[in-house]
Amino acid sequence: MATVSTAKLSGHCYKIRPKAQDGFTLTELMLAMVLFSTVLVISTVGFIGMNRAFNRGIIKKQLSEGVQAVSDDISRSLRSQPNTSESISCDGVDLKCANYIKDWKTLKIGTICYAWQTPGSDPAVHAKGGIRRSVGACTEESGKTTEILSSRYVVREGIAVSKLSGSNIAGDELYSVKGIFSTSENSAIHFADPNIPGDNLRCKGTAEDSNVPTCAVQNFNLIINPRGNSE
């Protein structure tokens, strides 16, 4: 409480009041700084979270567009082949694949060849990404191939093409096309354990690896009618 002093001048008494304080006290300034810092931290964390969500959405969209391009290309290849033509899958190990690309998996539909590498679960092993398309013999010569899936993405499982049973009428064949695609960083992928029911290949949690914010997995499962329909 402010002290009011009294002074006596020329026989008169005067009350001298202290000058009113201007600005904030130290306590008020500290509280304001704490409040401002809290709001700043919350805003920064929210912005970072939104930015990561936006970037992941962009990556998923680009991967989905790449998978759609692959399915469209395979559909066109199936439509262009005779009804009696069978697709042939090779993994670079079987004897029938002796003339195919070593260490690459291939899918041959008539005269069209698709080639890719499927990386394992070892984070230190990086396979070449993308899917290459060539006409005639399967080859890895860049001048004779067309990249239909960006090298930023890899084929985790597949690509498997099979004719469905019960569709033997010419022109009414149905083909099942399956595969799993993802971004290329192995460390960000949770690989399915066959001993655990319902355990699927997916991206890890955000706290498990620094590459998870840029991870995306796309499951590819279509039924294609060579006449132009797909489900």
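Predicted, not measured: the structure shown is a model, and the values here were computed from it.
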* **Results of side-chain hydrogen bond (donor to acceptor under 3.5 Å, both in side chains) for Asp199 - residues two or more places apart only** => His190, Arg202
* Structure fact -> So CD of Glu28 and CE of Met33: to nearest 0.5 Å the spacing works out to 14.0 Å
* Asked: Taking only residues two or more places apart in sequence, or in another chain, which ones meet Glu147 in a side-chain hydrogen bond (donor to acceptor under 3.5 Å, both in side chains)?
  -> none
* Structure fact -> Between the OG atom in Ser150 and the CD1 atom in Ile131, the distance rounded to the nearest 0.5 Å is 10.5 Å
* Structure fact -> Looking only at heavy atoms, the pair that brings Ser187 and Lys204 closest together is O-NZ, 3.0 Å
* Asked: Take atom NZ in Lys178; do more than 12 heavy atoms of anything else shown fall under 6.0 Å from it?
  -> no
* Over all heavy atoms of both residues, which pair between Cys215 and Ala188 is shortest? Give the atoms and the distance, please. => SG-O, 3.8 Å
* Asked: Ile74 versus Ile159: any side-chain heavy-atom pair under 4.5 Å?
  -> yes
* For residues Pro213 and Ser210, report the shortest heavy-atom separation together with the two atoms involved. => CD-O, 3.3 Å
* Asked: Judged by modelled atom types alone, do Ser182 and Arg156 share a side-chain donor-acceptor pair under 3.5 Å?
  -> yes
* Asked: Considering only heavy atoms from C-beta outward, does the side chain of Trp116 approach that of Leu149 to under 4.5 Å?
  -> no
* Inter-residue atom distance Asn221.CG - Ser71.OG, 0.5 Å rounding -> 11.5 Å
* Under the side-chain hydrogen bond (donor to acceptor under 3.5 Å, both in side chains) rule, what do Tyr114 and Ser134 come out as? Steps first, then yes or no, please. => CA-CA 7 Å; Tyr114 300 92; Ser134 60; over 6 Å; no
* Asked: Going by heavy atoms in the side chains, are Lys105 and Leu107 under 4.5 Å from each other?
  -> no
* **ILVMFWY cluster, Ile109 and Val155 together (side-chain gap under 4.5 Å)** => yes
* Treating Ile, Leu, Val, Met, Phe, Trp and Tyr as nodes and any side-chain heavy-atom pair under 4.5 angstrom as an edge, say whether Ile58 and Val217 lie in one connected cluster. => no
* **Point-to-point distance, once rounded to the nearest 0.5 Å, from CZ of Phe191 to CG of Asn200** => 13.5 Å
* Heavy atoms, side chains only, cut-off 4.5 Å: are Thr214 and Glu185 in contact? -> no
* To do: Could you tell me the separation between the CD atom of Gln68 and the CG atom of Leu63, rounded to the nearest 0.5 Å?
  => 12.0 Å
* Side chain of Thr183, backbone of Ala216: donor and acceptor closer than 3.5 Å? -> yes
* Structure fact -> In this structure, CG of Asp209 is separated from CG of Asn186 (nearest 0.5 Å) by 10.5 Å
* Any donor-acceptor pair under 3.5 Å linking the side chain of Asn55 with the backbone of Asn51? -> yes
* Residues in ring pair (Phe, Tyr, Trp, His ring centres under 6.0 Å) contact with Phe181, at least two apart in sequence or another chain -> Phe220
* Is the backbone N or O of Ile59 less than 3.5 Å from a side-chain atom of Gln62, with the two atoms forming a donor-acceptor pair by type? -> no
* **Polar side chain donor-acceptor pair, Tyr175 to Ser75, under 3.5 angstrom** => no
